[in-house]
Amino acid sequence: MKLENLQIKGQRILMRVDFNVPLDSSNAVTDDTRISETLPTIRFLLENGGRLILMSHLGRPEKKLKEDGSLDREKFTMHHTIAALSKLLGQDVKFVDDTIGLKVETAVNNLKDGEVLMLENTRFYKEETKGDEAFAKSLASLADIYVNDAFGAAHREHASTATVAKFFPAEKKAFGFLMRLELESSSKLLNNPQKPYVAILGGAKVSDKILLLEKLVDIVDTLIIGGGMAYTLLKAKGAKIGNSLVEEDKLDVAKDFLAKAAAKGVAVLLPDDSIVADKFDNAANTQLLSSFEIPDGWMGLDIGPKATAIFRAAILSAKSILWNGPMGVFEMSSFSKGTQAIAEAVAEATANGAFSLVGGGDSVAALHKSGKADEVSHVSTGGGATLEYLQGNILPGVVAIES
Ligand code: AMP
């Protein structure tokens with residue numbers, strides 16, 4: 001069911017959000033992007049008289065137990081997010097320090113139309129990550145309607161992201177606006193993307209991106225590969241890469257991938273030149289060299305001007321663009337130029353009519369740093385979920401609403 005078609009007034013709405021936000025040492029939220037992105041859905045439900053029950057996970061409490069083996073409730077409580085949400089929303093947010101059970105039921109029964117209650121961290125129950133039916137049923141019993149706006153957690157088959165939806169009929173469950181926008185944007189690149197389709201991949205490791213590469217090679221016209229991962233591919237082509245980042249155990253995978261791309265007629269653009277450094281340091285000595293002739297003791301930390309120009313031309317020819325992963329160590333100013341230039345090229349192509357999606361943790365950070373985040377078609381904050389969706393994988397959180 002579409003969110004706009006739900007009967008909301010006076011209804012108890014259980015909404016899964018992704019408030020897995022970074023906190024500082026005093027447990028204040030340092031980046032509220034994930035909270036602010038879901039505000040349109042929260043506001044819509046409250047303005048239409050819903051009684052809103054929010055649930056989320058925060059961190060990995062099940063993996064970071066205290067020395068005595070108990071949960072670190074003080075560190076991982078959802079209470080840390082209440083102040084940021086109340087401020088953004090401009091209204092009080094109630095909190096209950098449990099996720100299911102009598103205390104929670106009482107708090108829900110006390111909710112009035114237009115009020116919002118935050119439940120405790122879903123991962124305080126080990127049943128959450130197991131997708132446990134009984135736990136999900138207890139969650140479902142709290143509400144009349146289920147809404148999922150946690151795209152960042154949609155690739156997990158957990159109780160609050162997937163199993164819970166089973167207990168609501170189709171006309172009582174919906175995607176939130178954020179989740180819908182993420183799905184619509186990603187599917188523009190999955191289903192009949194406008195051609196030419198150019199994908200830009202960067203970041204540290206081939207091993208993290210190989211599944212995406214294997215999928216993309218079936219649908220894109222050009223693959224641009226920069227960042228640390230490029231050096232494993234360059235080495236697979238016989239380049240001398242000095243001390244650049246390399247995954248020796250992925251050289252065969254890289255060779256197979258390059259052969260597959262060639263057989264399919266997909267152009268794989270690797271950086272012809274690199275800014276190389278004598279240490280992994282912003283203040284390192286640097287020189288500009290061919291990426292095929294990097295001496296020992298030197299490592300490629302950014303793409304060079306020739307590579308930048310070739311990548312830029314390919315990007316400007318595209319009608320569809322996916323960008324995941326920086327072109328170099330963008331966190332250090334000495335090695336951020338390549339990533340900056342790619343951000344500018346993607347923005348320019350978008351202004352010329354291309355559809356562009358930037359997704360995956362570090363590329364989003366790099367895009368924000370470049371000041372071009374408002375000039376691309378869609379910035380996906382889904383991280384792992386975005387990449388899995390673009391690989392053509394079924395997301396349990398999505399299927400659960402659709403079925
Ligand atoms: P990922 O999370 O896989 O997208 O990787 C992002 C990280 O890759 C960033 O922290 C970058 O600093 C790092 N990175 C990018 N290019 C290189 C490179 N040439 N050598 C080492 N690390 C790199």
Side-chain angles (χ1 to χ4, degrees), residues 22 152 155 199-214 216 223-237 239-248 250 253-254 257 269-308 311 322-343 346 357-370 373 379-388 390-391:
H155 56 317
I200 312 152
L201 260 70
K205 292 184 178 167
V206 173
S207 50
D208 291 343
K209 310 272 163 88
I210 190 70
L211 293 174
L212 183 60
L213 283 171
E214 303 263 347
L216 288 174
L223 257 172
I224 293 174
I225 302 179
M229 66 186 284
Y231 296 95
T232 299
L233 289 151
L234 284 160
K235 184 159 186 183
K237 287 184 80 165
K240 228 177 131 286
I241 58 161
N243 289 44
S244 306
L245 199 65
V246 66
E247 289 174 276
E248 295 285 349
K250 291 287 172 290
V253 172
F257 165 73
L269 305 182
L270 296 169
D272 276 346
D273 55 353
S274 293
I275 307 294
V276 302
D278 59 356
K279 54 181 182 223
F280 193 80
D281 190 319
N282 196 32
N285 295 310
T286 61
Q287 51 179 328
L288 170 64
L289 289 179
S290 156
S291 305
F292 290 82
E293 294 294 340
I294 303 176
D296 288 344
W298 294 82
M299 60 188 93
L301 295 184
D302 197 7
I303 57 173
K306 187 172 167 207
T308 303
F311 290 2
L322 167 66
W323 181 19
N324 169 269
M327 295 290 101
V329 185
F330 74 100
E331 300 92 333
M332 299 182 193
S333 56
S334 306
F335 312 108
S336 65
K337 286 193 193 66
T339 302
Q340 178 70 29
I342 294 310
V346 173
L357 187 151
V358 183
D362 266 338
S363 21
V364 175
L367 185 70
H368 280 289
K369 198 160 175 252
S370 75
V379 183
S380 173
T381 51
T386 310
L387 296 188
E388 287 217 14
L390 290 170
Q391 277 161 40

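Atoms within a ligand are numbered from 1 in the order they appear, just like the ligands themselves.
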Worksheet item: So between A365, S207, S244, G328, whose heavy atom ends up nearest atom 15 (C) of ligand 1?
Response: G328
Worksheet item: Would you say ligand 1 has an N or O under 3.5 Å from any N or O of G228?
Response: yes
Discussion item. Looking at ligand 1, is there an atom of it that comes within less than 4.0 Å of some heavy atom belonging to Y231?
Written reply: yes
Worksheet item: Which residue owns the protein heavy atom closest to atom 7 (C) of ligand 1, what's the atom, and how far is it?
Response: D362 OD2, 3.6 Å
Worksheet item: Can a donor-acceptor pair be found between the side chains of S291 and Y231 at a distance below 3.5 Å?
Response: no
Worksheet entry | Min heavy-atom dist M332 to ligand 1 below 4.0 Å | no
Worksheet item: Hey, are E331 and K369 close enough for a salt bridge, meaning a charged N less than 4.0 Å from a carboxylate O?
Response: no
Worksheet entry | Minimum-distance protein heavy atom relative to atom 22 (N) of ligand 1 | V329 CG2, 3.7 Å
Discussion item. Do D272 and S290 pair up side chain to side chain, a donor and an acceptor below 3.5 Å, judged on atom types alone?
Written reply: no
Fill in: Ligand-side contact atoms (ligand 1) for residue partner G300, heavy atom cut-off under 4.0 Å
18 (C), 19 (N), 20 (N)
Worksheet entry | Protein residue, atom and distance nearest to atom 11 (C) of ligand 1, heavy-atom basis | E331 OE1, 3.6 Å
Worksheet item: Where the side chain of S370 meets the backbone of Q340, is there a donor-acceptor pair that is under 3.5 Å apart?
Response: no
Practice prompt. Test side-chain contact (heavy atoms from CB on, under 4.5 Å) on F330 and D362 and set out the steps.
Written response: CA-CA 9 Å; F330 74 100; D362 266 338; 4.1 Å; yes
Worksheet entry | Protein residue, atom and distance nearest to atom 4 (O) of ligand 1, heavy-atom basis | K209 NZ, 3.3 Å
Worksheet item: Looking at I200, L216, L233, which hits side chain to side chain contact (heavy atoms under 4.5 Å, CB included) with L223?
Response: L216
Discussion item. Within ligand 1, which atoms have a heavy atom of G203 less than 4.0 Å away?
Written reply: 1 (P), 3 (O), 4 (O), 5 (O), 6 (C), 8 (O)
Practice prompt. State whether the side chain of D278 and the backbone N or O of T286 hold a donor-acceptor pair below 3.5 Å, judged by distance alone.
Written response: no
Worksheet item: Starting from atom 5 (O) of ligand 1, which protein heavy atom do you reach first, and at what distance in Å?
Response: A204 N, 3.0 Å
Discussion item. Between T232 and E247, does the side chain to side chain donor-acceptor pair (under 3.5 Å) criterion hold? Intermediate values first, please.
Written reply: CA-CA 6 Å; T232 299; E247 289 174 276; 4.5 Å; no
